[in-house]
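Residue numbers begin at 1 in each chain, while the letters A, B, ... track the order of the sequences. Note that this is a predicted model, so its numbers are computed, not measured.
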Number of protein chains: 2
Amino acid sequence: MGKRKESSTNMVNEKCITEGCDLTYAVCKMGGRWKLLILCKLEHGKLRFGEIKKLIPNISERMLTLQLRELEKDGLVKRTVYAEVPPRVDYELSTMSKELIPIWLQLSNWGAKHRQNQEYQISA
Amino acid sequence: MGKRKESSTNMVNEKCITEGCDLTYAVCKMGGRWKLLILCKLEHGKLRFGEIKKLIPNISERMLTLQLRELEKDGLVKRTVYAEVPPRVDYELSTMSKELIPIWLQLSNWGAKHRQNQEYQISA
DNA sequence: TTCGGTGCTAACAAATTTGTAAGTAATGGG
DNA sequence: CCCATTACTTACAAATTTGTTAGCACCGAA
């Protein structure tokens with residue numbers, strides 16, 4: 001998110017992992033702290049920067065910007081700037097990320113199901 | 001992976017995000033650097049610690065241990081220790097993570113498809 | 001008695017991600 | 001001129017993750 005050192009072991013490892021594994025590659029694209037939450041909010045249509053912020057009260061403006069920028073760079077959201085003052089910018093899912101919606105649903109279901117089990121195990 | 005500060009903003013944010021979003025919760029479970037790669041290797045059956053290591057040449061023993069421990073704690077892999085010398089330990093997917101296999105496949109396909117597009121865009 | 005094989009752990013260092021606080025630009029309205 | 005609004009940016013600090021190196025325990029074989 002800040003720039004990364006081109007040839008740290010860390011970076012090299014990430015590259016070789018994602019290059020060798022489509023699954024890891026895919027999950028990396030949605031793997032920032034707030035990314036999936038943002039994407040979920042966009043599932044029902046365009047939203048302005050400020051609207052997303054209101055929907056995710058704990059996020060800071062900086063984080064929201066960073067995550068949106070990466071999502072944009074990776075082609076998961078489309079950003080539209082209107083030449084107005086005060087500025088207006090909106091964000092929406094791209095075609096590419098819309099393809100993920102059914103998968104997200106399955107993952108969500110899996111999460112819901114097993115979160116319950118785990119809570120059950122803990123409280124039991 | 002080391003212990004985390006119970007009440008850093010960071011930790012609090014993670015908690016509230018994963019509690020509020022099943023999707024984020026689910027993806028967090030598989031979100032360590034090497035986790036999906038490990039899980040993929042286990043897709044075809046049990047493997048010993050050393051076997052996994054051989055299949056993932058760049059991983060350090062420490063990282064492999066850490067990732068396996070978290071996967072175990074989260075119920076995604078089952079660890080079996082045999083009382084032998086030298087020690088023998090093997091790892092396999094749990095029922096819970098086997099449910100994810102078809103989802104991983106879809107994600108993989110999505111990854112493969114869009115990785116190509118992106119490469120095309122870059123080279124064009 | 002030393003050595004090899006296996007699956008780790010500990011102490012430390014480096015890299016990366018995340019969070020905080022304080023700005024900035026542009027312009028129309030008062 | 002001064003202010004409010006919106007979507008950011010910048011500089012910094014804290015937290016977390018990842019990587020490096022060395023070592024440990026066990027027992028049987030040589």
Side-chain angles (χ1 to χ4, degrees), chain A residues 1-18 24 28 30-38 46-72 77 79-91, chain B residues 1-18 24 28 30-38 46-72 77 79-91:
Chain A
M1 317 212 85
K3 287 130 203 173
R4 305 178 63 182
K5 292 209 173 170
E6 251 320 298
S7 65
S8 57
T9 307
N10 187 304
M11 183 89 220
V12 170
N13 277 347
E14 183 179 311
K15 255 187 203 158
C16 89
I17 295 168
T18 52
T24 303
C28 277
M30 30 197 238
R33 163 76 46 109
W34 306 89
K35 283 186 189 171
L36 285 169
L37 206 47
I38 294 171
K46 290 185 189 186
L47 288 174
R48 298 181 55 170
F49 185 88
E51 291 173 322
I52 303 176
K53 221 187 84 173
K54 259 173 238 156
L55 291 171
I56 308 179
N58 290 307
I59 200 171
S60 68
E61 297 197 340
R62 174 178 142 72
M63 270 300 128
L64 183 49
T65 304
L66 283 174
Q67 302 282 81
L68 285 169
R69 285 290 185 283
E70 285 202 343
L71 288 169
E72 190 195 359
V77 305
R79 178 167 178 263
T80 310
V81 184
Y82 299 89
E84 298 176 4
V85 168
R88 183 157 68 96
V89 179
D90 62 30
Y91 295 90
Chain B
M1 317 210 84
K3 287 131 205 173
R4 305 179 62 183
K5 293 211 170 167
E6 252 319 299
S7 64
S8 57
T9 306
N10 189 304
M11 183 89 220
V12 170
N13 277 346
E14 182 177 312
K15 256 186 202 159
C16 88
I17 294 169
T18 53
T24 303
C28 278
M30 30 197 239
R33 162 78 44 110
W34 306 90
K35 283 185 188 171
L36 285 169
L37 206 48
I38 294 170
K46 290 185 191 188
L47 288 174
R48 298 181 57 170
F49 184 88
E51 291 173 322
I52 302 177
K53 220 186 82 171
K54 257 173 240 158
L55 291 171
I56 308 181
N58 291 306
I59 199 170
S60 67
E61 298 197 338
R62 172 178 143 74
M63 270 299 128
L64 183 50
T65 305
L66 284 175
Q67 302 283 80
L68 284 169
R69 283 291 186 284
E70 285 201 344
L71 288 169
E72 191 195 359
V77 305
R79 177 168 179 262
T80 311
V81 184
Y82 301 89
E84 299 176 4
V85 168
R88 182 158 68 95
V89 180
D90 61 30
Y91 294 91

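- Here the P atom of nucleotide dT18(D) and the CG atom of Leu64(B) are 13 Å apart, to the nearest Å.
- For the pair Leu55(B) and Leu47(B), the minimum side-chain heavy-atom distance is below 4.5 Å.
- Taking all atoms of both residues into account, the shortest heavy-atom contact from Lys53(B) to Ile59(B) is CG-CG2, 4.4 Å.
- The separation between Arg4(B) atom CZ and dA15(D) atom P is 12 Å, rounded to whole Å.
- Residue Thr65(A) places none of its side-chain N or O atoms closer than 4.0 Å to OP1 or OP2 of dA7(D).
- The CD-C1' distance, from Glu84(A) to dT27(C), rounds to 12 Å in whole Å.
- Remark: of the listed residues Lys46(A), Arg79(A), Glu72(A), Arg79(A) is the sole one forming a side chain to side chain donor-acceptor pair (under 3.5 Å) with Tyr91(A).
- Proximity of Arg48(B) to the phosphate of dT6(C): no side-chain N or O atom is located under 4.0 Å from OP1 or OP2.
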Seminar exercise, completed: Letter by letter from the 5' end, nucleotides 19-28 of chain D scores (B base, S sugar-phosphate only, - none; protein heavy atoms under 4.0 Å) BB-----BB-
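- Rounded to whole Å, atom C1' of dG7(C) lies 14 Å from atom CG of Leu66(B).
- Nearest heavy-atom pair across Trp34(B) and Asn13(A) is CZ2-ND2, 3.6 Å.
- Between Arg48(B) and Glu51(B) the shortest heavy-atom distance is N-OE1, 2.6 Å.
- In this structure, the CD1 atom of Ile52(A) is 15 Å from the P atom of dT6(D), given to the nearest Å.
- Rounded to whole Å, the distance from CZ on Arg69(A) to P on dT10(D) is 11 Å.
- Contact detail for Met30(B) and Lys35(B): the closest heavy-atom pair is O-CB, 3.9 Å.
- What separates CD1 of Ile17(B) from C1' of dT16(D) is a distance of 14 Å, to the nearest Å.
- Looking at heavy-atom distances under 4.0 Å, Tyr82(A) makes no contact with the nucleic acid at all.
- Tested against Gln67(B), the residues Leu37(B), Ile56(B), Ile38(B) include a single side-chain contact (heavy atoms from CB on, under 4.5 Å) partner, Ile38(B).
- Computed from coordinates, the Phe49(A) CZ to dA7(D) P distance equals 7 Å when rounded to whole Å.
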